Amino acid sequence: MDWLGKRGMELLLAFALLTRLPLPAPPTASATAVRGSVWAYPIAGLVVGMLAAGAFGLASWAGLPAAMSAMLTLAATAILTGCLHEDGLADCADGLGGGRTPQRKLEIMRDSRIGTYGVVALMLSFGLRWSALAALALPAYATPALIVTHATARGLVPVLLLALQPARRDGLGLSAARPPLISSVAAILLAMAVPLVLWPLEAALLAIAAALGVMALVGWIAERQIGGFTGDVLGAGEQTAEIALLCVAAALLA
């Protein structure tokens with residue numbers, strides 16, 4: 001496979017992993033291909049953000065108040081992504097909050113049932129994102145905020161992949177562990193470039209710092225409690241980064 005064909009396959013794989021968009025299935029989903037596809041994470045997030053911005057704009061055009069537009073936008077993004085990251089956040093909260101030993105925490109995270117910690121985490125996640133979007137109010141403010149949020153939050157996930165070891169010897173987390181450095185750097189640079197292009201410099205720098213800060217916090221907690229990352233930890237990192245980015249947008253750009 002030539003260089004361009006390989007990058008196209010990795011792009012399709014990133015969309016298959018991170019979204020539920022009806023795109024052609026990638027020809028391969030080997031662990032090597034999964035690791036190599038991380039450079040395309042911010043591109044997948046960019047498309048999700050643009051579609052979410054379209055949902056917000058359509059709701060506003062229909063005359064709905066900002067609060068309803070924000071809620072419908074969150075519903076649209078949940079459909080677009082299959083609640084992948086929300087599921088990771090809930091499982092991570094249940095496991096890290098409920099288990100006493102690393103092994104028990106990992107067992108809880110793999111349990112399909114949701115517990116109190118997971119419910120509270122989802123309530124806080126949706127509540128904070130909804131209130132931030134409602135505060136932005138107008139499509140002129142919400143559109144760049146949504147594009148930045150989804151592209152940057154997903155593009156910074158390789159930070160956790162590079163910084164931590166997998167906590168399990170199986171699962172999605174293991175297949176994505178230790179991606180190529182060049183692919184990871186490309187993803188991180190793309191993730192940082194989006195806010196720098198769409199937002200004022202001060203807001204962009206603060207947003208990048210906030211997203212990196214909360215991801216570092218999630219990684220630190222996961223390292224201390226379970227010895228590394230899982231797919232659920234990656235989802236929790238992405239979700240907390242989304243929250244941080246939208247809060248910065250609501251504080252500085254509304």
Side-chain angles (χ1 to χ4, degrees), residues 3-19 21 23 26 28-52 77 80-82 84-85 88-89 144-166 172-199 204-205 207-219 222 228-246 248:
W3 185 90
L4 189 60
K6 190 174 182 180
R7 299 292 85 76
M9 182 269 294
E10 290 171 350
L11 181 63
L12 285 176
L13 185 54
F15 275 95
L17 288 171
L18 300 181
T19 77
L21 294 173
L23 297 174
T28 179
S30 65
T32 301
V34 170
R35 294 185 185 104
S37 70
V38 298
W39 69 268
Y41 286 7
I43 298 176
L46 188 72
V47 172
V48 171
M50 293 172 67
L51 292 173
T77 58
L80 289 169
T81 62
L84 174 68
H85 308 299
L89 175 66
L146 285 163
I147 293 172
V148 166
T149 294
H150 289 283
T152 302
R154 286 164 180 80
L156 293 180
V157 167
V159 171
L160 295 176
L161 293 172
L162 291 176
L164 303 175
Q165 295 289 337
L172 178 61
L174 182 64
S175 65
R178 295 300 175 190
L181 182 61
I182 188 170
S183 297
S184 302
V185 171
I188 294 167
L189 290 178
L190 282 171
M192 293 180 176
V194 176
L196 289 171
V197 169
L198 294 181
W199 285 359
L205 293 176
I208 292 169
L212 285 172
V214 296
M215 270 204 173
L217 178 61
V218 170
F229 74 88
T230 65
D232 291 329
V233 171
L234 300 180
E238 192 280 339
Q239 279 286 281
T240 53
E242 276 194 34
I243 293 167
L245 289 160
L246 281 176
V248 170

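Note that these values count all heavy atoms, side chains included, but never hydrogens, waters or copies made by symmetry. Note that the structure is predicted; figures quoted are calculated from it, not measured.
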Look up atom [atom1] in [X] and atom [atom2] in [Y], then write down how far apart they are to the nearest 0.5 Å.
| X | Y | atom1 | atom2 | value |
| --- | --- | --- | --- | --- |
| Tyr41 | Leu13 | OH | CG | 7.5 Å |
| Leu4 | Met9 | CG | CE | 12.0 Å |
| Leu212 | Met192 | CG | CE | 4.5 Å |
| Leu146 | Thr77 | CG | OG1 | 8.0 Å |
| Thr230 | Leu164 | OG1 | CG | 10.0 Å |
| Glu238 | Met215 | CD | CE | 6.5 Å |

Heavy-atom side-chain contact between [X] and [Y] under 4.5 Å:
| X | Y | answer |
| --- | --- | --- |
| Leu51 | Leu21 | yes |
| Leu196 | Leu205 | yes |
| Val47 | His150 | no |
| His85 | Leu18 | yes |
| Thr81 | Arg154 | yes |
| Ser37 | Leu17 | yes |
| Leu181 | Leu162 | yes |
| Val194 | Ile147 | yes |

Measure across [X] and [Y] and return the closest heavy-atom pair with its distance rounded to 0.1 Å.
| X | Y | answer |
| --- | --- | --- |
| Gly36 | Ser183 | O-OG, 3.5 Å |
| Val38 | Ser184 | CG2-N, 3.9 Å |
| Leu160 | Gly219 | CD2-CA, 3.8 Å |
| Gly237 | Val218 | N-CG1, 4.0 Å |
| Ala187 | Pro42 | O-CG, 3.7 Å |
| Ala52 | Leu80 | N-CD1, 4.5 Å |

Inset, instruction - Using side-chain contact (heavy atoms from CB on, under 4.5 Å) as the criterion, list what pairs up with Ala186, not counting sequence neighbours. - result: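 Checked Ala186 against side-chain contact (heavy atoms from CB on, under 4.5 Å); matches are Trp39.
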Inset, instruction - With sequence neighbours excluded, tell me which residues meet side-chain contact (heavy atoms from CB on, under 4.5 Å) with Leu12. - result: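 Checked Leu12 against side-chain contact (heavy atoms from CB on, under 4.5 Å); matches are Leu23, Pro24, Pro26.
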Legend entry - Short side-chain to backbone donor-acceptor contact, Thr152 and Thr149, under 3.5 Å: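 Flag not set: sc Thr152 to bb Thr149 has no pair under 3.5 Å.
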Legend entry - Partner set under side chain to side chain donor-acceptor pair (under 3.5 Å) for Trp199, not counting sequence neighbours: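 For Trp199 there are no side chain to side chain donor-acceptor pair (under 3.5 Å) partners, ignoring immediate neighbours.
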